[in-house]
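What you are looking at is a predicted structure, and each value in this text was computed from that prediction instead of being measured.
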Amino acid sequence: MLTAVTSYGPQSGSARVRVYDWLDHLGIKADLVSYTRMPNNSVGALARTPLRTIRREFEIRRLASESRTSPVLISRRASPFSDGSVERRLMENSAKGVYDFDDAIMLDDGKFRIPRLSNSRRWEISVESADVVIAGNAYLAESAAKLNSDVRVIPSCVSPEQYLPKETYECAYRHPVAVWLGSPSTETYLRTIEGALLNEHKRSGLRLRLVSRGNGSLGALDVMTDRFEWSLSSFAARLTDVDFGIMPLPDTAWSRGKCAYKLLQYGAAGLPSIASPVGANGDVIHKFGSLGAESSDEWKRSLADMVSSSREERQDMGIRSRETVLRHYSFQAWEDEWAKAVL
């Protein structure tokens with residue numbers, strides 16, 4: 001039986017998309033080991049439940065010492081307190097060790113002052129120890145290939161059937177509505193295009209629908225923002241009655257590791273979209289026929305062009321995006337590759 005080890009439970013986007021959804025899609029029964037069921041396993045969060053954390057750490061290290069005749073799949077990391085040795089033992093003591101990552105975690109985030117607990121060190125040891133490494137995009141794979149000869153790119157896939165495809169491309173409301181879907185930690189990316197969004201709000205009355213677990217202020221953008229609480233059961237429905245999706249990203253080493261998941265969700269819902277052509281976004285934009293924007297001026301023009309485009313133009317873009325997701329970014333499209341890599 002496959003053993004799947006994740007940093008977080010299925011409520012976390014990364015663990016759900018990279019592991020839990022794959023197991024559900026393929027009907028695989030696995031021994032699931034999640035360090036925490038919380039969406040955050042930072043040291044500060046774990047310190048609030050010290051006894052549970054100690055028990056979990058003991059269980060993970062016991063599991064790492066056991067030999068097994070089946071594969072193990074590790075997503076990101078097995079323990080926040082590991083220097084990489086826990087991940088190494090888990091893979092070396094299994095019939096096949098598979099390491100999966102979908103962020104630029106090879107970059108040390110500087111949270112630890114102890115070098116041996118750095119993200120970059122743990123990532124290096126995990127990649128070197130794996131029989132197979134799965135990377136979420138080519139940028140991540142390039143880094144991993146320096147340490148491991150068997151690196152495979154498998155994107156963060158979506159299930160198009162879980163999304164209600166957009167049926168009408170007429171503006172659903174008095175003013176056009178753009179949607180941004182994501183986590184509280186990445187809401188700050190919206191501030192990078194604040195001027196462009198406010199300019200279009202003034203020009204056309206554009207509203208921003210923000211679907212997130214966050215509740216903080218976006219400063220000047222609050223005047224045009226309507227917040228909706230993200231939940232697994234309702235987030236897809238929030239995409240059906242908006243006009244287009246947006247995904248701004250700064251061009252940094254970290255953001256180049258992003259796997260364009262928001263764009264793929266917009267595409268699954270049949271939404272036209274605008275995105276920064278950073279990392280995997282660039283490839284998805286090209287396939288979708290979406291609008292790309294880097295500078296503030298480009299975002300201003302792209303927002304104005306999208307709002308001013310005809311129903312037919314938005315429909316063509318939305319239909320093409322959904323068809324692209326079905327062909328290139330769905331679980332069905334990648335199921336054979338994933339099974340070969342993991343099982």
Side-chain angles (χ1 to χ4, degrees), residues 6-22 24-25 39 75-76 100-105 134-141 153-163 178-190 209-214 228 230-232 234-239 242 244-252 254-288 290 292 318 321-322 324-335 337-338:
T6 64
S7 302
Y8 317 103
Q11 74 277 28
S12 166
S14 177
R16 183 179 67 254
V17 172
R18 302 297 299 183
V19 177
Y20 289 90
D21 283 352
W22 270 117
D24 289 342
H25 175 75
S75 174
R76 299 175 73 94
D100 178 278
F101 71 113
D102 64 339
D103 265 325
I105 52 178
I134 302 175
N137 62 42
Y139 172 78
L140 301 176
V153 176
I154 297 180
S156 294
C157 297
V158 298
S159 299
E161 64 274 9
Q162 294 180 357
Y163 295 77
V179 67
W180 183 90
L181 178 69
S183 63
S185 63
T186 56
E187 287 182 16
T188 55
Y189 293 153
L190 289 166
R209 175 177 295 187
L210 195 153
V211 185
S212 167
R213 283 198 174 107
F228 289 82
W230 185 96
S231 76
L232 188 58
S234 67
F235 79 88
R238 301 298 186 190
L239 305 178
V242 298
F244 60 95
I246 59 173
M247 187 178 177
L249 276 180
D251 190 2
T252 66
W254 175 263
S255 60
R256 287 174 213 137
K258 294 294 182 182
C259 294
Y261 192 64
K262 289 182 185 62
L263 275 182
L264 301 181
Q265 291 180 291
Y266 301 154
L271 283 177
S273 52
I274 309 172
S276 304
V278 175
N281 275 16
D283 187 49
V284 175
I285 288 170
H286 176 71
K287 289 186 172 73
F288 279 10
S290 297
S321 297
R322 182 170 169 83
T324 298
V325 169
L326 285 165
R327 288 196 305 269
H328 299 290
Y329 299 102
S330 65
F331 287 101
Q332 185 174 4
W334 285 90
E335 59 187 18
E337 292 300 320
W338 192 90

**Q** Identify the heavy atoms of Ala178 and Ile246 that sit nearest to each other, and give their distance.
**A** CB-CG2, 4.3 Å

**Q** Taking the side chain as every heavy atom from C-beta outward, state whether Ser273 and Phe288 have any pair of such atoms under 4.5 Å apart.
**A**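 They are in side-chain contact.
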
**Q** Just verifying a value: how many Å separate Cys157 SG and Glu337 CD, rounded to the nearest 0.5 Å?
**A**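 So the gap between those two atoms works out to 11.0 Å.
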
**Q** Kindly indicate whether the side chain of Met247, heavy atoms from C-beta on, has any atom under 4.5 Å from the side chain of Tyr189.
**A**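 Contact flag for Met247/Tyr189 side chains = no.
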
**Q** Search all heavy atoms of Arg16 against all heavy atoms of Pro10 and return the closest pair with its distance.
**A** CB-O, 3.2 Å

**Q** Any side-chain to backbone donor/acceptor pair from Ser290 onto Ile274? Under 3.5 Å, distance only.
**A** no

**Q** Trp230 versus Ser183: any side-chain heavy-atom pair under 4.5 Å?
**A** no

**Q** With no hydrogens and no angle check, is any side-chain donor or acceptor of Asp251 less than 3.5 Å from a backbone partner on Val278?
**A** no

**Q** State, without any angle test, whether Ser321 and Thr324 hold a side-chain donor-acceptor pair at a distance under 3.5 Å.
**A** no

**Q** With rounding to the nearest 0.5 angstrom, report the OG to CH2 distance, Ser75 to Trp22.
**A** 14.0 Å

**Q** Yes or no on side chain to side chain contact (heavy atoms under 4.5 Å, CB included) for Tyr139 and Lys258, after CA distance, side-chain angles and deciding distance?
**A** CA-CA 9 Å; Tyr139 172 78; Lys258 294 294 182 182; over 6 Å; no

**Q** Please check if the side chain of Tyr163 supplies one atom and the backbone of Gln265 the other of a donor-acceptor pair under 3.5 Å.
**A** no

**Q** For the residue pair Asn137 and Pro155, establish whether any side-chain heavy-atom pair is separated by less than 4.5 Å.
**A** no

**Q** Measuring only between side-chain heavy atoms, which start at C-beta, is Lys287 closer than 4.5 Å to Tyr329?
**A** yes

**Q** Roughly how far, to the nearest 0.5 Å, is CZ of Arg322 from CG of Leu264?
**A**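 Answer for the CG-CZ pair, Leu264 versus Arg322, is 13.0 Å.
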
**Q** Go through it in stages, so that I can follow the logic: the residues are Val17 and Tyr261, the test is side chain to side chain contact (heavy atoms under 4.5 Å, CB included), and I'd like the CA-CA distance, side-chain angles, deciding distance and then a yes or no.
**A** CA-CA 9 Å; Val17 172; Tyr261 192 64; 3.3 Å; yes

**Q** Between Ser159 (side chain) and Glu161 (backbone), is there a donor-acceptor pair under 3.5 Å?
**A** no

**Q** Apply the ring-ring contact (aromatic ring centres under 6.0 Å, His included) test between His25 and each candidate in Trp334, Phe331, Trp338; give the one that qualifies.
**A** Phe331

**Q** Which heavy atom of Val158 sits nearest to which heavy atom of Ala268, and what is that distance?
**A** CG2-CB, 4.2 Å

**Q** Is there side-chain contact between Arg209 and Trp180, with heavy atoms separated by less than 4.5 Å?
**A** no

**Q** Are the side chains of Lys262 and Thr186 in touch, meaning some heavy atoms are under 4.5 Å apart?
**A** yes

**Q** Do you know the tightest heavy-atom contact between Leu140 and Gly136?
**A**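 Reported closest heavy-atom pair: CD1-N, 3.9 Å.
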
**Q** Quick one: does Ile105's side chain get under 4.5 Å of Trp254's, heavy atoms only?
**A**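 Ile105 reaches Trp254 side chain to side chain.
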
**Q** Kindly give the heavy-atom pair with the smallest separation between Leu249 and Ser276, and that separation in Å.
**A** N-OG, 2.9 Å

**Q** So, the side chain of Arg238 versus the backbone of Val211: is there a donor-acceptor pair under 3.5 Å, distance only?
**A** no

**Q** Knowing that exactly one of Asp100, Asp102, Thr6 qualifies, which makes a side-chain hydrogen bond (donor to acceptor under 3.5 Å, both in side chains) with Arg76?
**A** Asp102

**Q** Where do Ala275 and Asn281 come nearest, in terms of heavy atoms and distance?
**A**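 It is CB-ND2, 3.9 Å.
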
**Q** Determine yes or no for a side-chain-to-main-chain donor-acceptor pair under 3.5 angstrom, with Tyr266 supplying the side chain and Leu181 the backbone.
**A** yes

